[in-house]
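Comments concern the structure below.
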Amino acid sequence: MKKYLLILLMALSGFVAKACPVCDKQQPKVLQGITHGAGPQSQWDYVIISFAVVIVVITLFYSVKWLFRPDEKAQDHIKQIIINGE
């Protein structure tokens with residue numbers, strides 16, 4: 001139980017993190033208060049980050065999907081060898 005509480009606490013602690021005042025002034029309005037460091041240098045930075053977010057979301061979706069429903073039904077799949085003990 002303690003392990004799950006610790007994991008939950010760690011996951012939720014990221015939502016309350018704030019940027020420092022110096023970094024907050026360097027960011028555009030959209031990112032103020034949530035990121036550190038220098039702000040985006042050009043509009044291409046937003047395009048690159050958008051594509052990266054799309055790739056991460058797709059990867060997360062398929063990772064969770066195939067974790068719960070692997071759909072490996074072939075009789076010669078290695079899973080069947082392990083399950084059947086052949």
Side-chain angles (χ1 to χ4, degrees):
M1 183 66 176
K2 288 182 182 182
K3 181 170 76 171
Y4 296 116
L5 184 61
L6 181 61
I7 291 172
L8 180 65
L9 181 65
M10 289 174 62
L12 293 177
S13 68
F15 294 114
V16 297
K18 298 253 183 189
C20 64
V22 174
C23 294
D24 199 27
K25 292 177 185 175
Q26 296 176 351
Q27 299 296 332
K29 274 283 199 213
V30 177
L31 300 174
Q32 282 184 351
I34 59 172
T35 59
H36 287 279
Q41 303 300 315
S42 70
Q43 295 300 324
W44 284 105
D45 290 346
Y46 293 111
V47 174
I48 293 168
I49 295 300
S50 299
F51 279 121
V53 167
V54 168
I55 290 171
V56 168
V57 168
I58 290 170
T59 304
L60 179 65
F61 170 76
Y62 281 109
S63 297
V64 171
K65 176 185 174 195
W66 288 331
L67 180 66
F68 291 110
R69 294 185 185 266
D71 292 334
E72 299 157 346
K73 296 182 181 6
Q75 291 300 320
D76 60 341
H77 192 274
I78 191 149
K79 174 184 78 174
Q80 300 298 336
I81 295 172
I82 293 170
I83 291 172
N84 297 332
E86 295 177 8

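Interatomic distance, Q43 CD to D45 CG, rounded to the nearest 0.5 Å: 8.5 Å.
For residues 51-76, every residue pair satisfying the ring-ring contact (aromatic ring centres under 6.0 Å, His included) rule, not counting sequence neighbours, is listed here: Y62-W66.
Annotation: side chain of I49 is not in contact with side chain of Y46 (no heavy-atom distance under 4.5 Å).
Tested against I58, the residues V54, V56, I55 include a single side chain to side chain contact (heavy atoms under 4.5 Å, CB included) partner, V54.
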